[in-house]
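These notes are about the structure you will find just below.
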Amino acid sequence: MTLETLVEQLDLKCKCCWEKLKAIEVNGGYAGDLLSDVMANSQAGNIWVTRQVHVNIVAVASLKEHAAIVIVQGANPEKETIERATREGIPILVSDLPEFQLVGRIYQLIGNG
Amino acid sequence: MPSEKFLEGIYYVQGRDFVDAGVVSSDIKRALKEKGIPESVIRRVAVITFEAEVNIISYADQGTIQLFVEPGAVTVEAVDIGQGIPDIELALQEGYSTADDSIREMGFGAGMGLANIRKYSDVFTLTSEPGNGTHLTSVVKLDGK
Ligand SMILES: Nc1ncnc2c1ncn2[C@@H]1O[C@H](COP(=O)(O)OP(=O)(O)O)[C@@H](O)[C@H]1O
Ligand SMILES: [Mg+2]
């Protein structure tokens, strides 16, 4: 499924890299707030669900070649985070749902990839 | 015949500079891509360099990460000046961390970094002189794990 479809289906707010949503395929997801855990266990092409908003999440997503980052519970990514994500070409999406609900809905749509 | 180990780059890491965490790892990843190193190897090296970089930022004053490429392997050497590690065995245990709250708030400090570096390395050595600094070497073989 493309990111664009996922964004529409889940009513996600897109904070940067809109122009890329159509072309990016999501091949599964990973949820986590511990950066070492995400570094070690997520896969390239995953959509990463987290409640971290600090600029370091962009470095992790970029190194792991994630499809996008989704920040949960309507939290606001820091300005630095958006700027870095724009430079690195990593879409930052925001959902109002709590993490458990959002992951459930993503799983319903794409399964494990 | 001894294999030649080429120094590909030396990257400087500044302690406490969390905003730039990952920049060196990204540079290293780019360098390896340009060299045509296989994706699976680059992925493993990315985990190793990120954790090594974050440890220098979190616990040392300053350091360097050196990247060596030879025909069969990529070697990462992280050397820092700083407090060092008094008990290496303890530091390697998953879940052990001395990170303070400010570090944990950013999502670091899970105590998995060194354990993951060791897990992703084919050869791993970690030595430290408390009060002086730490020296980590990790080799990822092209036909390894
Ligand atoms: N370069 C270093 N200099 C000093 N101490 C270090 C260094 N790297 C790791 N440590 C110590 O080892 C512990 C475990 O490191 P690690 O496994 O990366 O987990 P974390 O960084 O999440 O605490 C750290 O909390 C710290 O006490
Ligand atoms: Mg660490």
Side-chain angles (χ1 to χ4, degrees), chain A residues 17 25 27-73 75-90 92 94 99 103 113, chain B residues 13 16-33 38-55 57-58 76 91-97 99 101-121 145:
Chain A
C17 309
E25 279 288 327
N27 71 356
Y30 199 80
D33 301 330
L34 299 173
L35 303 187
S36 290
D37 167 42
V38 177
M39 271 311 290
N41 300 314
S42 64
Q43 304 293 324
N46 282 178
I47 187 160
W48 173 23
V49 181
T50 186
R51 51 159 307 125
Q52 298 285 357
V53 294
H54 190 265
V55 63
N56 289 310
I57 60 176
V58 180
V60 170
S62 166
L63 281 168
K64 297 298 287 189
E65 299 178 27
H66 289 153
I69 302 171
V70 193
I71 294 170
V72 293
Q73 236 145 12
N76 256 325
E78 289 169 13
K79 187 165 151 279
E80 258 289 310
T81 307
I82 306 281
E83 284 168 8
R84 185 78 61 90
T86 304
R87 277 210 301 283
E88 303 270 337
I90 303 284
I92 302 270
V94 177
E99 187 155 337
V103 168
Chain B
V13 182
R16 311 310 296 182
D17 179 15
F18 284 97
V19 168
D20 283 327
V23 169
V24 161
S25 301
S26 296
D27 289 347
I28 289 174
K29 184 178 169 185
R30 204 170 305 118
L32 292 175
K33 273 198 167 160
E39 278 293 324
S40 60
V41 171
I42 294 180
R43 294 217 176 99
R44 289 168 58 197
V45 173
V47 173
I48 291 162
T49 54
F50 182 77
E51 295 294 354
E53 182 183 355
V54 169
N55 279 352
I57 294 170
S58 303
V76 171
L92 279 164
Q93 272 175 32
E94 221 166 294
Y96 175 82
S97 176
D101 286 349
S102 68
I103 293 177
R104 286 172 203 262
E105 259 164 36
M106 293 180 277
F108 299 115
M112 297 165 66
L114 291 173
N116 286 343
I117 293 175
R118 178 156 68 172
K119 189 154 64 189
Y120 277 79
S121 304
K145 282 179 184 172

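Because the structure is a prediction, the values reported are computed rather than measured. Side chains included, hydrogens not; waters and symmetry mates left out as well; all remaining heavy atoms used.
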Exercise for the section: Flag the pair B:Met112 / A:Asp37 as yes when at least one side-chain heavy-atom distance between them is below 4.5 Å, and no otherwise. Expected result: yes
Exercise for the section: Heavy-atom pairs under 4.5 Å with chain A are the metric here; pick the option from B:Asp20, B:Thr49, B:Asn116 that has the most. Expected result: B:Asn116
Handout entry: Part of B:Val54 lying under 4.5 Å from any heavy atom of chain A
Key = neither
Handout entry: Under 4.5 Å from a heavy atom of chain A, the part of B:Glu105 involved
Key = backbone
Handout entry: Side-chain ion pair, A:Arg84 and A:Glu88, N-O less than 4.0 Å
Key = no
Handout entry: Charged N-O contact under 4.0 Å between A:Arg87 and A:Glu83
Key = no
Practice task
Give a yes or no answer on whether the side chain of A:Thr50 reaches the backbone of A:Gly32 with a donor-acceptor pair at less than 3.5 Å.
Solution key: yes
